[in-house]
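One structure is given below, encoded as structure tokens.
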Amino acid sequence: MIEKLKTNYSYLLEPDLLEEIEACSILKKVEVGGVFIKPGQYIKSMPLLLEGTIKVSRKDTEGDEILLYFIEKGDTCAMSMNCCMNNSKSQIKAVAETYTELLMVPISKMDEWMIKYKSWREYVLISYQTRLNEVIKTVDSLVFLKMDERLMNYLQDKTKIFHKDTINITHEEIAKDFHTSRVVISRLLKKLEVKGDVILYRNSIKILNL
DNA sequence: ACATTAAGTGATT
DNA sequence: AATCACTTAATGT
């Protein structure tokens with residue numbers, strides 16, 4: 001049995017199911033920045049995350065992107081489950097934020113397991129619930145928080161993902177996630193630095209108040 | 001040494 | 001908060 005499957009899912013799913021998952025799924029590895037779900041694409045298998053973090057975003061007709069949530073190991077992408085089940089096109093884009101390993105489970109198994117395994121039903125339900133909560137969180141921050149607060153949230157999220165207080169990112173890249181220009185981000189970061197929340201370097205930012 | 005890219009800043013809307 | 005125009009600083013060749 002794949003150890004990562006066991007360590008990340010054994011507390012969620014029953015042993016029989018884990019074996020079935022292993023038997024019928026394909027292991028997929030995605031490098032940093034790899035796009036593995038594109039908007040408009042049909043999804044024929046659903047991913048279980050073993051290692052790494054994935055950024056899920058919504059893309060509108062031309063270019064504009066909005067960050068929905070991050071998924072980490074033990075999670076699955078509720079949106080792709082949704083697409084699997086009613087065989088519709090993907091509404092989202094999924095990019096590997098770090099090096100990532102996934103198990104791709106064929107959708108044909110989904111229905112079967114829903115009936116057969118209680119833990120699977122619960123897992124699916126809980127996934128939906130936590131994803132929905134994540135989305136609510138990002139909507140909240142979008143609507144209620146000021147830009148500088150949003151930035152700080154974002155930076156703190158990043159440190160959690162990379163388990164480091166210094167993250168490698170350019171102002172330009174942040175600006176893309178925030179739908180704004182690089183100049184604005186540079187200025188906000190400068191403020192945060194003066195306040196003593198961060199230290200700025202070239203190509204990286206150190207977050208202080210964790 | 002030179003070109004390229006990231007970041008800082010003032011002025012304008 | 002966005003855009004422009006320009007400067008300064010870091011990094012690669």
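Protein chains get the first letters and strands the later ones, always in sequence-line order, with residue 1 at the start of each. For clarity, every value in this text was computed on a predicted model and none was experimentally measured.
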Is it true that [X] and [Y] make a salt bridge, defined as a side-chain N closer than 4.0 Å to a carboxylate O?
X	Y	result
A:Asp16	A:Lys116	no
A:Glu172	A:Arg182	no
A:Glu173	A:Lys176	no

Legend entry - Side chain of A:Leu200 - closest among B:dG8, C:dT3, B:dA7: B:dG8

Legend entry - Among C:dA1, B:dG10, B:dA6, the nucleotide that comes nearest once only the side chain of A:Met147 is considered: C:dA1

Legend entry - Check: A:Glu122 and A:Lys118 side chains under 4.5 Å, non-hydrogen atoms: yes

Inset, instruction - Answer whether the closest heavy-atom distance between the side chains of A:Ile207 and A:Ile167 falls below 4.5 Å. - result: yes

Whole angstroms only, please: what is the [atom1]-[atom2] distance between [X] and [N]?
X	N	atom1	atom2	answer
A:Glu172	B:dA7	CD	P	8 Å
A:Leu192	B:dG8	CG	C1'	15 Å
A:Asn168	B:dT5	CG	C1'	16 Å
A:Lys190	B:dA6	NZ	P	17 Å
A:Glu173	B:dT5	CD	P	14 Å
A:Leu188	C:dA1	CG	P	7 Å
A:Ile205	B:dA7	CD1	P	8 Å

Legend entry - Mutual orientation of the aromatic rings belonging to A:Tyr117 and A:Trp113 [parallel < 30°, tilted 30-60°, perpendicular > 60°]: perpendicular

Legend entry - Distance test, side-chain N/O of A:Thr180 to OP1/OP2 of C:dA2, below 4.0 Å: yes

Inset, instruction - Report the residue (A:His171 or A:Arg187) whose heavy-atom-nearest nucleotide on DNA chain B is the more 5′ of the two. - result: A:His171

Inset, instruction - Starting at the 5' end of nucleotides 6-13 of chain C, put B wherever the base has a protein heavy atom under 4.0 Å, S where only the sugar-phosphate does, and a dash everywhere else. - result: ---BBS--

Legend entry - Result of checking A:Ile54, A:Leu48, A:Ile26 against A:Leu102 for side-chain contact (heavy atoms from CB on, under 4.5 Å): A:Ile54

Inset, instruction - Remember a base hit wins even if backbone is also touched, and classify A:Thr170 as base, sugar-phosphate or nothing at under 4.0 Å, heavy atoms. - result: sugar-phosphate

